[in-house]
Each structure stands twice: as C-alpha cells, then as structure tokens.
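Note that this is a predicted model, so its numbers are computed, not measured. Side-chain atoms are counted along with the backbone in the values below, which use heavy atoms only and exclude waters and symmetry mates.
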Amino acid sequence: MKSVNKKVLDSAVRAYKKATNASKDKSVTTAVGFDSKELLKWLRKVAPVSKEIQVRFGIYNKKNAPSPEDVGRVTVFFMACDENGDQSTDGDGEPVDPVNVGNIYP
C-alpha cells in the first residue's frame with residue numbers, strides 16, 4: 001500500500017464528480033463508508049486465509065438493494081482473495097463471503 005497526500009485524493013474525487021456529473025445528480029455515489037470496528041473485525045478474520053483484499057464495484061438492482069432508494073446506486077464490496085484473485089476459502093474450505101452494506105454518500 002502507498003499513502004498519498006490528501007491533495008491527490010481531493011483532485012481525484014473532484015475529477016470523478018465532474019465525470020459523473022455528481023454535483024447535479026444527487027443519486028451518484030461519491031463515497032461508501034464502513035464502520036471501522038466492523039471492518040477491522042472482518043479484516044482480522046480473513047487476513048490469515050487471504051493474499052489480498054479487493055475492492056469490487058457494483059450497482060444495486062431491485063433484487064439486491066438494501067432499500068428501494070438504493071436501486072441504481074454504485075456500491076463497493078470488500079472481497080478476500082487468494083493469490084490468483086479468486087475468492088478465498090477458510091480453513092474448512094468454505095468460501096469467505098465478501099462484505100458490503102456500507103453507508104452510501106450522498
């Protein structure tokens with residue numbers, strides 16, 4: 001991992017908002033927030049069986065949206081992956097489920 005100056009983040013976020021017309025379209029997701037303690041708990045659980053954590057992007061549809069207001073919104077999933085980028089398995093050979101259900105902003 002590489003730390004970046006907040007100016008790099010701010011510049012990239014401004015470019016994203018401009019490209020997605022987020023200033024005019026309030027249904028555009030500009031961030032997804034996760035409870036830090038819950039995320040850390042999950043990371044500690046999956047770290048021993050994972051090579052990397054991928055942040056995968058998705059769009060909620062009617063079948064998988066947590067609420068009707070979230071249909072069509074962009075979200076992110078954290079997925080524990082093995083050395084090939086495939087879903088990790090636990091010590092019993094069971095797949096490690098990805099996590100989601102963050103807070104969508106705005």
Side-chain angles (χ1 to χ4, degrees):
M1 284 205 318
K2 177 183 174 187
S3 294
V4 296
N5 184 294
K6 186 162 181 309
K7 289 180 182 180
V8 173
L9 167 75
D10 292 342
S11 176
V13 169
R14 278 193 305 275
Y16 172 79
K17 287 180 176 180
K18 184 177 179 182
T20 60
N21 203 25
S23 62
K24 293 181 182 173
D25 184 354
K26 297 303 177 194
S27 69
V28 173
T29 302
T30 57
V32 180
F34 289 80
D35 180 279
S36 60
K37 289 177 180 63
E38 290 295 317
L39 182 57
L40 183 58
K41 181 179 172 181
W42 181 81
L43 287 168
R44 285 185 173 140
K45 178 180 127 183
V46 304
V49 297
S50 303
K51 175 68 176 163
E52 69 179 9
I53 304 299
Q54 293 182 1
V55 179
R56 296 197 177 182
F57 301 90
I59 298 175
Y60 286 127
N61 60 36
K62 289 181 183 179
K63 291 182 181 180
N64 62 25
S67 71
E69 298 82 33
D70 293 330
V71 173
R73 295 294 300 266
V74 171
T75 189
V76 296
F77 300 85
F78 290 99
M79 184 164 168
C81 295
D82 62 18
E83 56 279 343
N84 298 318
D86 297 322
Q87 185 176 19
S88 291
T89 55
D90 64 18
D92 297 325
E94 295 296 317
V96 175
D97 288 333
V99 293
N100 180 243
V101 193
N103 299 313
I104 298 174
Y105 297 99

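Taking Glu69 as the reference, Ser67 meet the side-chain contact (heavy atoms from CB on, under 4.5 Å) condition, with sequence neighbours excluded. Qualifying side-chain contact (heavy atoms from CB on, under 4.5 Å) partners for Asn103, counting only residues two or more places apart in sequence or in other chains: Tyr105. For Lys6, the salt bridge (charged side-chain N to carboxylate O under 4.0 Å, His left out) partners two or more places apart in sequence, or in a different chain, are Asp10. Among residues two or more places apart in sequence or in another chain, the side-chain contact (heavy atoms from CB on, under 4.5 Å) test is passed with Pro106 by Thr30, Arg73. With sequence neighbours left out, the ring pair (Phe, Tyr, Trp, His ring centres under 6.0 Å) criterion links Phe34 to Phe78.
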Expected list for residues 40-47: side-chain donor-acceptor pairs under 3.5 angstrom, two or more places apart:
none

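Grouped with Val8 in one hydrophobic cluster are Val4, the linkage being side-chain heavy-atom contacts under 4.5 Å among Ile, Leu, Val, Met, Phe, Trp and Tyr residues. Cluster note: Val74 groups with Ile59 through ILVMFWY side-chain heavy atoms spaced under 4.5 Å, whether in direct contact or through intervening members. Other residues sharing a hydrophobic cluster with Met79 under the 4.5 Å side-chain heavy-atom criterion for ILVMFWY residues do not exist; the residue is a singleton.
Residue pairs meeting the side chain to side chain donor-acceptor pair (under 3.5 Å) criterion with at least one member in residues 12-24: none, sequence neighbours excluded. Judged as a side chain to side chain donor-acceptor pair (under 3.5 Å), the pairs with a partner in residues 76-92 (not counting sequence neighbours) are, in order, Ser50-Ser88. Within the structure, ring pair (Phe, Tyr, Trp, His ring centres under 6.0 Å) pairs that include any residue of residues 50-77 do not occur (at least two apart or interchain).
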